[in-house]
Amino acid sequence: MPELPEVETTRRGIEPHILGKAVSGVVVRQPKLRWPVPPLHHLNGQRVRMLERRAKYLLIGFKHGTLILHLGMSGSLRVLPGDTPAGKHDHFDLQFGRQCLRLHDPRRFGAVLWTNRPPGEHELITHLGPEPLSDAFDPDYLYQQAQRRKVPIKQLVMDGKVVVGVGNIYATESLFLAGINPVRACNRISRKRIGNLVGCIRQVLARAIEQGGTTLRDFQREDGRPGYFQQELRVYGREGETCPVCGTAIRARQIGQRTSAWCPHCQH
DNA sequence: ACAGTAACCTGTTTGC
DNA sequence: TGCAAACAGGTTACTG
């Protein structure tokens with residue numbers, strides 16, 4: 001589920017509900033997530049000073065450190081009345097007075113971690129590549145990265161050390177928009193086409209954020225509404241259907257363990 | 001340094 | 001209908 005647009009949608013939805021508010025309780029119902037959830041009772045009484053996103057991580061800043069949240073494959077965060085009964089997969093609550101921020105994650109690939117250091121220095125974050133919507137992600141940068149390797153271009157743009165936040169859905173859609181075959185070796189694509197791809201990734205992500213992300217199955221925004229970008233998916237999940245541009249049947253195959261869909265006529 | 005694979009978990013869909 | 005296999009938005013850890 002949650003790629004960059006879904007995490008950013010969540011961040012924007014949650015921010016007005018928790019920024020400046022003091023934590024009044026922490027509930028860990030299931031500590032076995034991607035990594036064990038650490039003790040967090042020291043958050044009681046602490047105010048939220050900032051809420052940021054880095055890659056697909058949500059960073060909730062307090063005076064003495066930062067709570068790092070990741071939604072994994074199936075996670076979502078909701079702002080709910082504090083007395084809402086918890087379901088089977090509601091693993092973690094941060095209570096703020098009569099409201100609570102609740103993590104729901106059936107597959108438990110998500111994470112709740114704590115760091116006392118600047119979050120950018122955390123092991124999981126310090127080695128990440130640039131944000132795709134920042135100036136650092138530009139044609140020269142991606143072309144340089146592409147020249148160093150020879151993996152399929154789809155694997156390159158999904159590699160968090162190259163650029164963050166681009167998961168299977170948005171990599172698939174960006175490559176369609178750029179007219180590049182996802183299996184093409186990344187070092188055999190012209191500078192011009194790589195530059196175009198940078199613009200396409202930006203455009204797809206920005207539009208998806210506008211639409212509140214993509215809801216395929218269970219992604220929910222903080223208030224329970226779905227995203228709407230799935231209505232604009234051109235090839236992802238459409239194997240066998242016709243290309244919206246040329247009418248050719250859309251194909252799909254595994255690239256680096258992930259299903260990838262593309263139009264064999266439009267993408268080379 | 002790089003590339004490929006297995007692993008972490010559960011729910012839903014697909015195929016026999 | 002029932003059951004097992006395959007598959008799903010992510011990322012790390014291990015192997016060669």
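Chain letters run A, B, ... following the sequence lines, proteins first, then strands; residues in each count from 1.
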Asker: Give a yes/no on whether any side-chain N or O of K32(A) is located under 4.0 angstrom from OP1 or OP2 of dC8(B).
Answerer: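 The answer is no; no side-chain N or O of K32(A) sits under 4.0 Å from OP1 or OP2.
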Asker: Looking only at heavy atoms, which two atoms of P182(A) and I255(A) are closest? And how far apart?
Answerer: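 So the minimum-distance heavy-atom pair works out to CB-CD1, 3.7 Å.
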Asker: Write down the distance separating the P atoms in dA6(B) and dA6(C), rounded off to the nearest Å.
Answerer: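 Taking atom P in both dA6(B) and dA6(C), they lie 13 Å apart.
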Asker: Looking at every strand, decide which applies to Y236(A) at a 4.0 Å heavy-atom threshold: base, sugar-phosphate, or nothing.
Answerer: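 Since only primed, P, OP1 and OP2 atoms lie under 4.0 Å of Y236(A), the category is sugar-phosphate.
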Asker: Quick one: which of dA3(B), dC2(B), dT12(C) gets closest to the side chain of R148(A)?
Answerer: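 Minimum distance to the R148(A) side chain belongs to dC2(B).
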Asker: Report the distance from atom CG of N187(A) to atom P of dC2(B), rounded to the nearest whole Å.
Answerer: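 It is 12 Å, rounded to the nearest whole Å.
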Asker: Rounded to the nearest 0.5 Å, how far does CZ of R148(A) lie from OH of Y143(A)?
Answerer: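 So the gap between those two atoms works out to 14.5 Å.
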Asker: What is the ring orientation for W114(A) with H42(A), classed by angle as parallel under 30°, tilted 30 to 60°, or perpendicular over 60°?
Answerer: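 Answer is perpendicular, since the angle exceeds 60°.
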Asker: Hey, does the side chain of H89(A) come within less than 4.0 Å of dT10(B)'s phosphate (OP1/OP2), counting only N and O?
Answerer: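 Indeed not, no polar side-chain atom of H89(A) lies that close.
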Asker: Please identify which of these residues, F109(A), Y57(A), F92(A), meets the ring pair (Phe, Tyr, Trp, His ring centres under 6.0 Å) condition with H70(A).
Answerer: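 Single ring pair (Phe, Tyr, Trp, His ring centres under 6.0 Å) partner of H70(A) among F109(A), Y57(A), F92(A): Y57(A).
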Asker: Regarding dA8(C), can its base be found pairing with the side chain of R107(A) as donor and acceptor, where the two atoms are less than 3.5 Å apart?
Answerer: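 In this structure, the two groups form a donor-acceptor pair.
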Asker: Looking only at heavy atoms, which two atoms of G110(A) and D105(A) are closest? And how far apart?
Answerer: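 Taking G110(A) first and D105(A) second, the nearest heavy atoms are N-OD2, 2.8 Å.
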Asker: Look at R258(A) and dC7(C) and indicate whether a side-chain polar atom (N or O) is within less than 4.0 Å of OP1 or OP2.
Answerer: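 No, no such contact exists.
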Asker: For the side chain of P106(A), starting at C-beta, report the closest nucleotide among dG11(B), dA3(B), dG10(C).
Answerer: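 Looking only at side-chain atoms, P106(A) lies closest to dG11(B).
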Asker: Determine the contact category for L124(A): base if any of its heavy atoms lies under 4.0 Å from a base atom, sugar-phosphate if only primed atoms, P, OP1 or OP2 are that close, otherwise nothing.
Answerer: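 Sugar-phosphate only.
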Asker: Just the rounded figure in Å: distance from C1' of dT11(C) to NZ of K161(A).
Answerer: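 So the two atoms are 10 Å apart, to the nearest Å.
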Asker: At less than 3.5 Å, do the side-chain atoms of R108(A) and the base atoms of dC9(B) form a donor-acceptor pair?
Answerer: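 Side chain to base: no pair below 3.5 Å.
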Asker: Of all the choices, dG10(C), dA8(C), dG4(B), which nucleotide is nearest to the side chain of Q257(A) once you look at every atom?
Answerer: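 That would be dG4(B).
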Asker: Please check the phosphate of dA3(B) (OP1 and OP2 only) for any side-chain N or O of R149(A) closer than 4.0 Å.
Answerer: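 Yes, because at least one side-chain N or O of R149(A) sits under 4.0 Å from OP1 or OP2 of dA3(B).
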Asker: Measure from CD1 on I255(A) to P on dA3(B) and round the result to the nearest Å.
Answerer: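 It works out to 15 Å between those atoms.
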Asker: How far, in whole Å, is dA1(B) from dT11(C) if one measures between their P atoms?
Answerer: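 22 Å, rounded to whole Å.
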Asker: Expressed in angstrom and rounded to an integer, what is the separation of L58(A) atom CG from dG10(C) atom P?
Answerer: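 Taking CG of L58(A) and P of dG10(C), I get 15 Å after rounding.
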Asker: Would a line drawn from the ring center of F229(A) to the ring center of Y170(A) be shorter than 6.0 Å?
Answerer: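 Centroid separation for F229(A) and Y170(A): below 6.0 Å.
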Asker: What nucleotide, of dG10(C), dT12(C), dA8(C), holds the atom closest to the side chain of E3(A)?
Answerer: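 The nucleotide sitting nearest to the side chain is dG10(C).
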Asker: Does T259(A) place a side-chain N or O at less than 4.0 Å from the phosphate oxygens OP1/OP2 of dA8(C)?
Answerer: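 Answer yes for this pair, as a side-chain N or O of T259(A) is under 4.0 Å from OP1 or OP2.
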Asker: Would you please determine if the base of dT11(C) is stacked by F109(A), with stacking meaning a centroid separation under 5.5 angstrom and planes under 30 degrees?
Answerer: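 No.
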Asker: Check this one for me: any side-chain N or O of K56(A) less than 4.0 Å away from OP1 or OP2 of dT11(C)?
Answerer: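 Looking at the OP1 and OP2 atoms of dT11(C), one of them is under 4.0 Å from a side-chain N or O of K56(A).
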Asker: For the side chain of V151(A), counting heavy atoms from C-beta on, which of dC2(B), dG11(B), dA3(B) is nearest?
Answerer: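 Per side-chain heavy atoms of V151(A), the pick is dA3(B).
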